[in-house]
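Working notes, beginning with the structure itself.
Read the numbers this way: they start at 1 and go in the same order the structure lists the ligands and their atoms. The first residue of the sequence shown is numbered 1, and numbering continues consecutively from there.
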Amino acid sequence: MKKWALLGVMAVFVAVPVVLWAGTLWQGMPALAYLYATGRLLALVGFISVFFQFVLSAKIKWIERNIGLDKLFGIHKTSGLIGLTFILIHPIPLTLTDLLAGRIPSITLPKLVGASSLLIFVIGASSAVLYSKLRLKYETWKAIHTANYVALPLGFVHSLVLGSDLSRGSLRTFWFILAFLYLAVLAHKLWRRIQIRRHPFQVAAVIQETHDTWTLEFAGKPVAYKPGQFLIVQLIRDGRVSEPHPFTLSSSPTRKGLAISVKSVGDFTSTIRHTKTADRAYIDAPYGAFSFLCRDAPDLLFIAGGIGITPFMSMLRYMADSKLERRVVLVWGNKSERDIAFRAELEAIEAEMPSLRVLHVMSSQPDWPGERGYVDAEKLSRALDGLQDPQVFLCGPPVMMEVVLRTLRGLGIPKKRIHYERFSLR
Ligand SMILES: Cc1cc2nc3c(=O)[nH]c(=O)nc-3n(C[C@H](O)[C@H](O)[C@H](O)COP(=O)(O)OP(=O)(O)OC[C@H]3O[C@@H](n4cnc5c(N)ncnc54)[C@H](O)[C@@H]3O)c2cc1C
């Protein structure tokens, strides 16, 4: 699905209750009724935005295919915060209406149910926003976020019992359609989990690439994917199943099996080196839209930082195997040459593909004979030299991505020709 199509569907879902709500207003309505209607509208729109969070985060492939999971999660974050704000403030006009009409608002069970739902959403959203500040572990954040699956049904019950717009008519039917879709999303998640568990992959090889990067090769049922896409893997080692982790496929679809190349950065990745060929894995793939095959352009500029090389390795392997004649420049920033993975293979591809130019940039190796320092405007201008309206692909550490994105815009590359993959799904 294209991003504009998704946003269009979301807009229609929001427009339905707004139109039906507008139909309940009448000319000459007293000010208090307007205040009350405002509260109802905030609740309706807020609930639908929150409902969409479940659809957007359910990893439904036909929705994410052309958008990419990280961008989809970006929409999830923004629309979730907007929806939550609406829901948070909707009691204000409703309570004010009661007070101004001389009624003392009572505390009832449906109101408590709504408050519990709201509390869970607020805790979930706060943990996402304050993730870095609170130094939360990813697993802790995920557990908190998963509680939202309980919050939505609670909100649904609350709105159905208390929402005057939902007591009968088209809006009530619409609400039940939302409930049905929610159950369909849950069923889809369960079905995918069962499918993945039915066909575990075998670890076929464990290869050390550098001092901190290891490649795992997997054998199993064939997976159709584009070079540059990623998978979500759970390793089964010593009878224990790990948390699911996303990794770009460094392998190419032109070759047999799947491979990921993992840099040791934390609890899980530092254990990759201990994986054995007897181990197995549950693999959910493919995801993402970070592939030159999704863009139509003869010239390409690839910019990688550190382990951000993996999608480019996949794409270059694919190009070399398919004998594709594209003008490609790869700019790859590392600290020092000991961080360069796949060096021999990359040189072999460069020798085979005269249309490929590889520029290594070392930030902490004063005696490096090539480019030194960071990937900056000067180096990028040199890389762009000779490329005609290239599509630019960028993948690296967050700080580098931010700086390079700004630099590329400064160099006059239009936004629509810059594509990036963040190694973060929050
Ligand atoms: C689309 C995508 C592609 C990626 N491709 C690669 C790759 O090719 N090679 C590579 O080395 N790394 C890749 N990563 C990053 C990799 O997923 C994380 O480094 C890894 O999950 C960290 O786990 P940890 O427990 O070792 O580290 P931690 O120290 O626990 O986490 C470090 C950071 O990694 C992220 N993270 C941790 N656990 C998870 C999880 N279960 N699911 C999602 N994110 C998590 C969080 O942002 C966390 O802050 C990719 C990430 C994404 C989103």
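- Pairs of residues two or more places apart, or lying in two chains, that qualify as ring pair (Phe, Tyr, Trp, His ring centres under 6.0 Å) and include a residue from residues 391-416 are F290-F393, F302-F393, F393-H419.
- Within the structure, the salt bridge (Lys or Arg N to Asp or Glu O under 4.0 Å) test picks out the following pairs touching residues 257-273 (sequence neighbours left out): K137-D267, D212-K263.
- Taking the six-membered ring where the residue is Trp, F201 and F218 present perpendicular rings, their angle passing 60° and hence far from 30°.
- Listed by first then second residue, pairs satisfying ring pair (Phe, Tyr, Trp, His ring centres under 6.0 Å) with a partner in residues 48-67 read F13-F52, F54-Y149, F54-Y182, not counting sequence neighbours.
- Protein residues with any heavy atom under 4.0 Å from ligand 1: Y131, Y138, F230, P244, H245, P246, F247, T248, S261, V262, K263, V265, G266, D267, F268, T269, I307, T310, R422, F423, S424, L425.
- The aromatic rings of H245 and F247 sit parallel to each other, their planes meeting at less than 30°, with 60° as the upper class boundary.
- Proximity of the aromatic rings of W175 and F47 is defined here by a centroid distance below 6.0 angstrom, and this criterion is met.
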